[in-house]
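The structure appears below as structure tokens.
Chain letters run A, B, ... following the sequence lines, proteins first and then strands; every chain starts at 1.
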Number of protein chains: 2
Amino acid sequence: MVNLVQTKRLQKYRMALLRFKKMGLKKTFSHSLSEETSVSAVLIRKDFSQCGIRGKRRGGYDIDLLLGELKKIFGHEKEQNIIIVGLGNIGSALVKYEDYRQSNMNMVAAFDIDPAKRTRRYPVPVYSLENLREVIDTFDVSVAILAVPEFSAQETSRYLVENGIRGILNFAPVLLKVPDHVLVNNVNVMIELERLMYHIGVIQD
Amino acid sequence: MVNLVQTKRLQKYRMALLRFKKMGLKKTFSHSLSEETSVSAVLIRKDFSQCGIRGKRRGGYDIDLLLGELKKIFGHEKEQNIIIVGLGNIGSALVKYEDYRQSNMNMVAAFDIDPAKRTRRYPVPVYSLENLREVIDTFDVSVAILAVPEFSAQETSRYLVENGIRGILNFAPVLLKVPDHVLVNNVNVMIELERLMYHIGVIQD
DNA sequence: AATAAAATGTGAAAACTGTAACAATAAAAT
DNA sequence: ATTTTATTGTTACAGTTTTCACATTTTATT
Ligand SMILES: NC(=O)c1ccc[n+]([C@@H]2O[C@H](COP(=O)([O-])OP(=O)(O)OC[C@H]3O[C@@H](n4cnc5c(N)ncnc54)[C@H](O)[C@@H]3O)[C@@H](O)[C@H]2O)c1
Ligand SMILES: NC(=O)c1ccc[n+]([C@@H]2O[C@H](COP(=O)([O-])OP(=O)(O)OC[C@H]3O[C@@H](n4cnc5c(N)ncnc54)[C@H](O)[C@@H]3O)[C@@H](O)[C@H]2O)c1
């Protein structure tokens, strides 16, 4: 229905709308959203139009209605269970993150090969990878956060996919090889920093 | 010289090339890179061509030469100092991250309003924000990682910019308003997860 | 030496994405 | 009631990005 670039913009609009709502606003205009998101007003209207979202001429868009439609599009209506693999520095921050609920996601379990990590100090139970299939089946998990060291990321992702995972949010700085039906989103801090530096022109050739 | 979409692809190529190099390879072909990065072979050749990188017809590209050119483009040649603001869950993971050196970046200091964080338990000194200007000037810092709570992110970013920061890697789930000369890259875990779910079609409307 | 094969490099075409112009409509002002 | 104003929604256009087709070069084979 909507493609990747549109999806990204819709998510931006959603963030802006949530902010407007928090400020007590009831309606908004393509302009206001444009200022907030740096997307042109026309394009915003086009995106909404294409998603079947209608505003009122001269009256703007109803914020609750917009958020409702976006909720439908992004499927926040059904709760989605997720898991995390690797409870090191970054993994243990992510397992404690509290915003999952806001998007109707539910962190149900964590996995680590290190038995020392399998304690009750975390907000979810921590298992050995042997229990992966069981957890995935029990909680109908499709998406996993991967936060294991670089050298084991490929192997671990293979194992995740083998056991039914179809979406991976990968924090390891490697391009994972996965089958076609699996989607990987990479979060790569170094790459973001490098691009930042490149574009602010810190670089004097 | 290269635009945003190209920059992203060049970074992908670089990751693949580093991997090839680690595997002991000396040269590579647009095909091989294509398989590794999921970018079409023609586009890869075009990108290289546009960056003035030449291969040998039938002989492919020299990996070291490619990496050298990319290094020039991304300016890994000059060391860049960076700082981090906010040492909570995610901030303290990031301050311990060890890959900065690999891209010739140097984490020189951390900042937190909580005095309890200002201990020697971290790999860099932790200061109050009062010391920001001093650190920025001393170490010629242009880029900061922002890992403070959502509600203080906008205000903190304003303060960073006021003191000379021109690039922000923002982990808070807000669209920061910054002057034109400042660039923000957002890392938003929830948004990545949502898009993952949307695209794997977990969502049954 | 001649031919075949495997790669790069590139101009033209196609596909995709965003912008501009403006008609349609609703609200506000007169 | 009429006119003005502000805003959406859409069609045509412009710009950007990617792919296609194929010429060119180098290496390998016969
Ligand atoms: N620390 C950061 O700020 C940061 C930032 C961005 C990306 N990353 C990346 O995230 C990954 C993890 O980084 P980290 O700093 O948390 O590392 P870490 O070494 O602190 O943690 C890795 C964890 O994964 C576990 N583990 C190792 N192999 C495993 C396996 N096969 N299955 C399950 N668990 C396994 C280890 O026991 C450990 O708990 C790395 O790839 C790193 O490059 C880290
Ligand atoms: N925890 C995660 O895994 C995670 C993941 C993605 C994004 N985030 C985002 O990162 C940010 C930090 O998350 P967290 O979980 O680390 O929160 P946290 O509450 O654990 O840490 C926030 C830290 O910032 C400090 N701080 C607060 N205001 C400050 C200010 N004005 N200047 C300097 N320091 C200040 C606090 O003292 C604290 O140490 C949040 O915006 C969160 O949404 C967190």
Side-chain angles (χ1 to χ4, degrees), chain A residues 1-14 16-17 20-21 25-70 73 175 180 195 198-199, chain B residues 1-14 16-17 20-21 25-70 73 175 180 195 198-199:
Chain A
M1 180 168 176
V2 289
N3 63 30
L4 199 132
V5 297
Q6 277 178 312
T7 311
K8 289 189 180 179
R9 284 198 301 264
L10 292 178
Q11 291 185 300
K12 263 192 168 178
Y13 306 155
R14 181 159 169 270
L17 289 165
F20 288 165
K21 186 171 175 157
L25 300 177
K26 292 272 174 274
K27 61 179 186 174
T28 189
F29 306 97
S30 54
H31 277 107
S32 326
L33 278 170
S34 174
E35 196 164 303
E36 193 76 8
T37 60
S38 311
V39 176
S40 79
V42 204
L43 191 45
I44 293 176
R45 296 201 295 275
K46 236 185 177 176
D47 283 335
F48 286 162
S49 169
Q50 213 209 300
C51 294
I53 300 172
R54 318 290 301 186
K56 267 199 240 163
R57 300 200 187 211
R58 167 119 200 198
Y61 297 92
D62 181 273
I63 289 180
D64 282 330
L65 188 139
L66 275 176
L67 283 170
E69 290 296 322
L70 291 174
I73 291 170
L175 300 168
D180 278 350
R195 206 166 50 241
Y198 178 70
H199 280 106
Chain B
M1 179 171 177
V2 290
N3 62 31
L4 200 133
V5 297
Q6 276 178 313
T7 311
K8 288 190 180 177
R9 284 198 302 264
L10 292 178
Q11 291 184 300
K12 262 192 171 180
Y13 306 156
R14 181 160 169 271
L17 289 165
F20 288 165
K21 186 174 173 151
L25 300 178
K26 291 272 174 275
K27 60 180 187 173
T28 190
F29 307 97
S30 53
H31 281 107
S32 325
L33 279 169
S34 173
E35 198 165 301
E36 193 77 8
T37 59
S38 311
V39 177
S40 80
V42 204
L43 192 45
I44 293 176
R45 295 201 295 274
K46 264 224 160 120
D47 283 336
F48 287 162
S49 170
Q50 213 209 300
C51 293
I53 300 172
R54 317 290 301 187
K56 269 199 238 161
R57 301 199 186 209
R58 170 120 199 198
Y61 297 91
D62 182 273
I63 290 179
D64 282 330
L65 188 141
L66 276 176
L67 283 171
E69 291 296 323
L70 292 174
I73 292 170
L175 301 169
D180 278 349
R195 206 165 52 241
Y198 177 69
H199 281 107

- For I53(B) and L65(B), what are the C-alpha separation, side-chain angles and deciding distance, and is it a side-chain contact (heavy atoms from CB on, under 4.5 Å)? CA-CA 8 Å; I53(B) 300 172; L65(B) 188 141; 4.2 Å; yes

- Here the gap from L175(A) atom CG to E35(B) atom CD, rounded to the nearest 0.5 Å, amounts to 12.5 Å

- Just jot down the ring pair (Phe, Tyr, Trp, His ring centres under 6.0 Å) partners of F48(A), sequence neighbours excluded, or say none. Y13(A), Y61(A)

- Query: According to the Watson-Crick and G-U wobble definition with distances under 3.5 Å, which dot-bracket string, read 5' to 3', encodes DNA chain D, using [ ] for crossing pairs and | for pairs with another strand?
  - Reply: ||||||||||||||||||||||||||||||

- Who passes salt bridge (Lys or Arg N to Asp or Glu O under 4.0 Å) against R54(B), sequence neighbours left out? none

- Please name all residues satisfying salt bridge (Lys or Arg N to Asp or Glu O under 4.0 Å) with K21(B), sequence neighbours left out, ordered by chain then number. D64(B)

- All salt bridge (Lys or Arg N to Asp or Glu O under 4.0 Å) counterparts of K56(A), not counting sequence neighbours: none

- So, with a heavy-atom separation below 4.0 Å from DNA chain D, the residues of residues 42-55 of chain A are V42(A), R45(A), K46(A), S49(A), R54(A), G55(A)

- Item | Contacts of F29(A) that satisfy ring pair (Phe, Tyr, Trp, His ring centres under 6.0 Å) - sequence neighbours left out | none

- Test log, rule side-chain contact (heavy atoms from CB on, under 4.5 Å), inputs L67(A) and R14(A): CA-CA 7 Å; L67(A) 283 170; R14(A) 181 159 169 270; 4.1 Å; yes

- Quick one: salt bridge (charged side-chain N to carboxylate O under 4.0 Å, His left out) pairs with a partner in residues 41-53 of chain A, sequence neighbours left out? R9(A)-D47(A)

- Task: Please report the closest heavy-atom contact between V39(B) and S34(B), naming both atoms and the distance.
- Result: O-OG, 2.7 Å

- Partners of E69(B) by salt bridge (Lys or Arg N to Asp or Glu O under 4.0 Å), sequence neighbours excluded? K72(B)

- Message: Show the nearest heavy-atom pair for residues I44(B) and S30(B), with the distance to one decimal.
- Response: CD1-O, 3.7 Å

- Check step by step if side-chain contact (heavy atoms from CB on, under 4.5 Å) holds for I73(A) and T7(A). CA-CA 9 Å; I73(A) 291 170; T7(A) 311; over 6 Å; no

- Task: Please list residues of residues 26-35 of chain B whose heavy atoms come under 4.0 Å from any atom in DNA chain D, ordered by number; otherwise none.
- Result: none

- Task: Mind checking G59(B) for me? I need base, sugar-phosphate or nothing, with any heavy atom below 4.0 Å counting as a touch.
- Result: nothing

- Could you tell me from which nucleotide to which nucleotide of DNA chain C, 5' to 3', there is an atom under 4.0 Å from chain B heavy atoms? dA5(C) to dA12(C)

- Drop me the distance from L10(B)'s CG to L17(B)'s CG, to the nearest 0.5 angstrom. 10.0 Å

- Message: For the backbone of G60(A) and the side chain of K27(A), can you confirm whether one donor and one acceptor N or O come within less than 3.5 Å of each other?
- Response: no

- Min and max contacting nt of DNA chain D in 5' to 3' order, chain A heavy atoms within under 4.0 angstrom, are dT5(D) to dA12(D)

